[in-house]
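Here is the structure we will look at.
One-based numbering, in listed order, for ligands and for the atoms of each.
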Amino acid sequence: NKGKYEHYMQKEIHEQPESLTTSMRGRLIRGGSSKKKSVLLGGLKDHLKTIRRSRRIVFIGCGTSYNAALAARPILEELSDIPVMMEIASDLLDRQAPVYRDDTIIFVSQSGETADTLNALEYARENGALCVGITNTVGSAIARNTHCGVHINAGSEIGVASTKAYTSQIVVLAMVALAIGADTVSTKQRREGIIESLLNLPGKIREVLKLDEQMKDLARSLISEQSLVMFGRGYNYATALEGALKVKEVALMHSEGILAGEMKHGLLALVDENLPIVVITTRDQCFSKQQSVIQQLKAKRSTDSYVYRRRCSNLPLQLLAYHLTVLRGYNVDQPRNLAKSVTTE
Ligand code: UD1
Ligand code: BG6
């Protein structure tokens with residue numbers, strides 16, 4: 001039921017304040033008698049000791065789920081102090097990459113049924129790793145076959161392009177990072193700051209959703225373009241990849257997400273008067289570096305647009321991809337050649 005919305009993707013973008021609230025419900029605790037902020041993930045609590053002892057943590061996923069893991073990687077590294085590696089499921093299998101008994105492997109999948117991710121899970125189990133699932137679907141193959149895990153509880157997602165599941169995956173992975181990380185005097189302030197920000201996120205998202213008209217205007221200006229490049233770094237590297245993936249998937253426009261630090265090693269050659277570029281920048285430790293990227297791009301006189309986002313929200317880019325698709329006249333909920341759940345290799 002789409003309710004007042006024209007498309008499922010639009011509905012799912014707009015219901016993120018609620019889906020994120022559900023993902024955090026009962027898991028983040030603010031205050032109480034001790035006034036202590038804490039995290040409780042029922043699906044992980046018996047395995048935290050083993051995870052903390054792992055030699056490394058490996059994220060495995062496909063498509064948007066991979067991007068969600070990439071978005072969560074910096075916070076997991078910071079809080080756990082364990083090396084975190086990224087693997088695309090099919091690539092891990094193609095390489096038959098080494099997996100060890102003292103690895104913790106986190107499988108991220110909205111549907112819990114993606115063939116490549118499932119095959120990677122089988123491979124990791126055979127190699128004796130601790131397998132953790134992060135999925136939206138109770139009873140799915142990944143939920144059943146992992147040793148433990150967390151349901152993201154985002155509610156069912158109908159649009160083929162993942163939107164609300166993406167943000168819930170990131171929020172759940174941030175909670176996983178808090179659960180794994182040591183809760184000590186020296187980390188208390190930082191941890192409580194993160195918990196407070198997560199709890200405030202649904203309200204912030206309500207604010208960001210007000211950019212709808214602005215993003216529609218931006219989409220209007222891009223309607224006949226051939227290509228759209230997105231630059232991000234740090235926390236926003238994943239935002240750039242995911243923003244570009246959305247534009248490819250639904251708006252059927254070539255789009256690339258680029259790590260801004262790599263700009264001079266290739267993409268700069270394509271920059272001219274006409275190439276539309278989105279630079280994603282937030283007030284974080286990468287802010288001044290991104291300002292310098294903007295200056296360097298401006299010097300090449302490309303058309304530039306700036307999207308400001310808050311941590312953990314690629315929402316303006318979801319809105320952009322949605323409007324671009326509708327304005328270009330394509331099917332937003334069932335893009336050409338794509339399936340919600342890819343159950344073959
Ligand atoms: C669970 C209940 C929830 C209830 C809550 C009360 C379920 C599905 N969830 O939520 O309804 O309100 O307790 O305390 O019954 N798991 C995996 N792999 C995955 C995902 C999950 O093995 O990919 C396992 C977890 O380790 C856990 C179980 O599935 O044993 C449920 O996970 P989750 O729903 O995240 O747990 P709770 O949030 O505690
Ligand atoms: C498909 C979907 O390609 O599978 C994407 O169209 C999704 O939206 C990808 O990101 C991975 O799916 P899942 O269910 O494993 O997260």
Side-chain angles (χ1 to χ4, degrees), residues 8-9 12-13 22-29 39-48 50-51 59-71 87-90 104-121 124-125 130-173 175-176 179 238 241-250 252 314 318 321-322 325 331-345:
Y8 283 109
M9 183 179 174
E12 287 158 2
I13 291 173
T22 318
S23 297
M24 291 186 276
R25 182 165 298 139
R27 292 168 165 178
L28 282 184
I29 298 124
V39 57
L40 176 71
L41 295 173
L44 281 195
K45 64 177 186 335
D46 297 337
H47 295 83
L48 288 172
T50 315
I51 298 174
F59 273 128
I60 297 186
C62 303
T64 291
S65 293
Y66 175 90
N67 291 342
L70 186 68
E87 291 281 1
I88 300 257
S90 62
T104 291
I105 312 222
I106 306 186
F107 296 85
V108 186
S109 172
Q110 187 283 130
S111 64
E113 303 291 348
T114 300
D116 289 328
T117 312
L118 265 172
N119 292 341
L121 168 56
R125 280 190 73 120
L130 177 71
C131 298
V132 179
I134 304 293
T135 177
N136 198 25
T137 316
V138 177
S140 62
I142 285 174
R144 283 184 278 113
N145 294 322
T146 40
H147 297 113
C148 59
V150 187
H151 291 111
I152 66 169
N153 299 339
S156 71
E157 190 181 64
I158 312 285
V160 166
S162 181
T163 52
K164 65 172 182 171
Y166 177 70
T167 48
S168 280
Q169 285 169 332
I170 298 173
V171 160
V172 165
L173 288 171
M175 292 193 287
V176 168
L241 292 190
E242 176 58 14
L245 179 59
K246 282 285 148 299
V247 170
K248 278 183 277 214
E249 282 181 307
V250 288
L252 312 191
N314 77 326
Q318 293 179 353
Y322 169 75
T325 310
N331 186 332
V332 68
D333 285 333
Q334 285 187 306
R336 184 172 79 190
N337 305 341
L338 299 181
K340 182 72 185 158
S341 178
V342 180
T343 51
T344 52
E345 263 183 68

Original post:
Do T64 and Q110 have side-chain N/O donor and acceptor atoms under 3.5 Å apart?
Top reply: no
Original post:
Which residue holds the protein heavy atom closest to atom 37 (P) of ligand 1, what is that atom called, and what is the gap in Å?
Top reply: R27 NH2, 4.2 Å
Original post:
Is a side-chain donor or acceptor of R27 paired with a backbone partner of L41 at a separation under 3.5 angstrom?
Top reply: no
Original post:
Among all protein non-hydrogen atoms, which one is nearest to atom 36 (O) of ligand 1, and what is the separation to 0.1 Å?
Top reply: G43 N, 3.9 Å
Original post:
Taking only residues two or more places apart in sequence or in another chain, which ones pass salt bridge (Lys or Arg N to Asp or Glu O under 4.0 Å) with K246?
Top reply: E242, E249
Original post:
Numbering the atoms of ligand 1 from 1, which are under 4.0 Å from a heavy atom of T135?
Top reply: 23 (O)
Subject >> Residues I134, F107; criterion side chain to side chain contact (heavy atoms under 4.5 Å, CB included); working and verdict >> reply: CA-CA 6 Å; I134 304 293; F107 296 85; over 6 Å; no
**OP:** Evaluate the 4.0 Å heavy atom contact test for atom 27 (C) of ligand 1: does a protein atom fall under the cut-off?
**Re:** yes
**OP:** Pick, from G42, S140, C148, G112, the option with the minimum heavy-atom distance to atom 22 (O) of ligand 1.
**Re:** C148
Subject >> Sub-4.0 Å protein heavy atom near atom 13 (O) of ligand 1 >> reply: no
Original post:
Heavy-atom distance from atom 10 (O) of ligand 1 to the protein below 4.0 Å?
Top reply: no
**OP:** Looking only at protein heavy atoms, identify the closest one to atom 16 (N) of ligand 1 and say how far it is in Å.
**Re:** G149 N, 3.6 Å
Original post:
Measuring from I60:CD1 to S109:OG, what's the distance to the nearest 0.5 Å?
Top reply: 12.0 Å
Original post:
To the nearest 0.5 Å, what is the distance between NZ (K164) and OG (S156)?
Top reply: 5.5 Å
Original post:
Quick check: are there more than 12 heavy atoms from other residues, nucleotides or ligands sitting under 6.0 Å from CD of Q334?
Top reply: no
**OP:** Kindly compute the distance separating OG1 (T343) from CG (L118), expressed to the nearest 0.5 Å.
**Re:** 9.5 Å
Original post:
What is the closest protein heavy atom to atom 35 (O) of ligand 1, and at what distance does it sit?
Top reply: H151 N, 2.8 Å
Subject >> Per-atom contact, atom 2 (C) of ligand 1, protein heavy atoms, under 4.0 angstrom >> reply: no
Original post:
What distance do T167 atom OG1 and I152 atom CD1 have between them, rounded to the nearest 0.5 Å?
Top reply: 8.0 Å
Subject >> Nearest-neighbour protein heavy atom for atom 18 (N) of ligand 1, which is reported as residue plus atom name and distance >> reply: T146 OG1, 2.8 Å
Subject >> Residue that, paired with M24, satisfies side chain to side chain contact (heavy atoms under 4.5 Å, CB included) out of V39, V172, V171 >> reply: V171
Subject >> atom 7 (C) of ligand 1 touched by protein (heavy atom, under 4.0 Å) >> reply: no
Original post:
Hey, which of T146, N145, T135 is the one that makes side chain to side chain contact (heavy atoms under 4.5 Å, CB included) with S140?
Top reply: T135
Under 3.5 Å: N or O atoms of ligand 2 paired with protein N or O:
unit_1: ligand 2; atom_1: 6 (O); unit_2: A339; atom_2: O; d: 3.0
unit_1: ligand 2; atom_1: 8 (O); unit_2: V160; atom_2: O; d: 3.1
unit_1: ligand 2; atom_1: 10 (O); unit_2: T64; atom_2: N; d: 3.0
unit_1: ligand 2; atom_1: 12 (O); unit_2: T114; atom_2: OG1; d: 3.4
unit_1: ligand 2; atom_1: 14 (O); unit_2: S109; atom_2: OG; d: 3.4
unit_1: ligand 2; atom_1: 14 (O); unit_2: Q110; atom_2: N; d: 3.4
unit_1: ligand 2; atom_1: 14 (O); unit_2: S111; atom_2: N; d: 2.8
unit_1: ligand 2; atom_1: 14 (O); unit_2: S111; atom_2: OG; d: 2.6
unit_1: ligand 2; atom_1: 14 (O); unit_2: T114; atom_2: OG1; d: 3.4
unit_1: ligand 2; atom_1: 15 (O); unit_2: S109; atom_2: OG; d: 2.6
unit_1: ligand 2; atom_1: 15 (O); unit_2: T114; atom_2: OG1; d: 2.5
unit_1: ligand 2; atom_1: 16 (O); unit_2: S65; atom_2: OG; d: 2.5
unit_1: ligand 2; atom_1: 16 (O); unit_2: Q110; atom_2: N; d: 2.7

Subject >> Spacing of I142 atom CD1 and S65 atom OG [to the nearest 0.5 Å] >> reply: 8.5 Å
